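In what follows, a single structure is set out as structure tokens and then discussed.
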Amino acid sequence: MAKLVSKTYGDALFELAVEENTMDATAKEAEAVLDAFAENEELLNLLNHPKVTREEKIKVIENVFKGEVSDNIVGFLVIIVQKGRHNEIPEIFRYFLDQVMEYKNIGTAKVTSAVALTDEQKAAVEKRLLEVTKYVEFNMDYKVDPSLIGGMVIRIGDRVVDSSIRTQIDNMAKDLMKIQLN
């Protein structure tokens, strides 16, 4: 259900940004809203508190965000609160930012390797990803996982390329288990 809510509201904000040609500004403001919620857990707790009325929640949103972000974003937040979806605000804005990235053909790649990659290796990985995908730019996230033994795992959205030694050994083990001896 939360996925549907974030998609519905996120798509509405995205369409507004496209229609008004304010994609970059709206994305920057969406990041500011996400930062505000990440830095102030009390804000979401206050919005979720059952004894705080809807009108008080709207006043809180207006007091916190008015003058910090555009009137469109403040109005959007007020609508979310009026509809009782305030708990979904961070997810809605994350979905919106994902849509902006996709619109601009900027991908996010999570690269996990057995050892830390050098700058040259990182550049080679990014260059290769740009060649084989539709993206014109990547936000790269590198991690080290020694349990991979060797090779790397690359995740872009829901796609995974796993060339790790661990996976190859696991696959060989499965294949060996299938062999029946007479």
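Counting begins at 1 with the first residue of the sequence. This is a predicted model, so every value here is computed, not measured.
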Any donor-acceptor N or O pair under 3.5 Å, side chains Glu88, Ser6: no

Selection residues 71-81 - residue pairs positive for side-chain hydrogen bond (donor to acceptor under 3.5 Å, both in side chains), sequence neighbours left out: Glu20-Asn72

Between CG on residue Leu77 and CD on residue Gln82, distance to nearest 0.5 Å: 11.0 Å

Over 12 non-hydrogen atoms of neighbours within 6.0 angstrom of CG in Asp175: yes

Thr26 vs Val100, side-chain contact (heavy atoms from CB on, under 4.5 Å): CA-CA, chis, key distance, verdict: CA-CA 10 Å; Thr26 304; Val100 171; over 6 Å; no

Identified side chain to side chain contact (heavy atoms under 4.5 Å, CB included) partner of Phe37 from the options Leu34, Asp35, Val33: Val33

Pair Lys104-Asp24, side-chain contact (heavy atoms from CB on, under 4.5 Å): steps then yes or no: CA-CA 10 Å; Lys104 292 181 168 187; Asp24 292 335; 2.3 Å; yes

Heavy-atom closest pair, residues Glu126 and Phe138: OE2-O, 3.8 Å

Salt bridge flag under 4.0 Å for residues Glu131 and Lys127: yes

Euclidean distance, Ile80 CD1 relative to Ile58 CD1, rounded to 0.5 Å: 11.5 Å

Under 3.5 Å side-chain donor-acceptor pair for Glu91 and Tyr9: no

NE2-CG distance between His49 and Leu46, expressed to the nearest 0.5 angstrom: 8.5 Å

Beyond-backbone contact of Glu137 with Asn105, side-chain heavy atoms, under 4.5 angstrom: no

Verdict with supporting geometry, Glu102 and Lys134, salt bridge (charged side-chain N to carboxylate O under 4.0 Å, His left out): CA-CA 10 Å; Glu102 198 63 33; Lys134 66 177 182 172; 2.6 Å; yes

Donor-acceptor contact present, side-chain Thr118 to main-chain Gln121, <3.5 Å: yes

Inter-residue atom distance Thr22.OG1 - Ile73.CD1, 0.5 Å rounding: 8.0 Å

Heavy-atom pair of closest approach, residues Leu130 and Tyr135: CD2-O, 3.5 Å

Connected via hydrophobic side-chain network under 4.5 Å: Val81 and Tyr95: no

ILVMFWY network linking Val60 to Val74, side-chain heavy atoms under 4.5 angstrom: yes

Side chain to side chain donor-acceptor pair (under 3.5 Å) involving Glu39 - partner list, sequence neighbours excluded: none

Pairwise distance CD1(Ile92) to CG(Leu97) - rounded to 0.5 angstrom: 12.0 Å

Lys57 to Val52 - nearest heavy-atom pair and separation: CE-O, 3.2 Å

Show every donor-acceptor pair shorter than 3.5 Å between a side-chain atom in residues 140-160 and any protein atom, with sequence neighbours excluded, or say none if there are none.
{"unit_1": "Tyr142", "atom_1": "OH", "unit_2": "Lys122", "atom_2": "O", "d": "3.2"}
{"unit_1": "Asp145", "atom_1": "OD1", "unit_2": "Ser147", "atom_2": "N", "d": "3.1"}
{"unit_1": "Asp145", "atom_1": "OD1", "unit_2": "Ser147", "atom_2": "OG", "d": "2.6"}
{"unit_1": "Asp145", "atom_1": "OD2", "unit_2": "Ser147", "atom_2": "OG", "d": "3.2"}
{"unit_1": "Ser147", "atom_1": "OG", "unit_2": "Arg166", "atom_2": "NH1", "d": "2.8"}

Aromatic centroids of Phe93 and Phe96 separated by under 6.0 Å: no

Distance-minimising heavy-atom pair for Thr167 and Ser164: OG1-OG, 2.9 Å

Non-hydrogen side-chain atoms of Leu16 and Phe76 separated by less than 4.5 Å: no

Atom pair CZ/NZ of Arg54 and Lys83 - distance to nearest 0.5 Å: 9.0 Å

Common cluster, Met23/Ile106, ILVMFWY with side-chain heavy-atom separation under 4.5 Å: no

Whether Glu29 side chain and Ser70 backbone form a donor-acceptor pair below 3.5 Å: yes

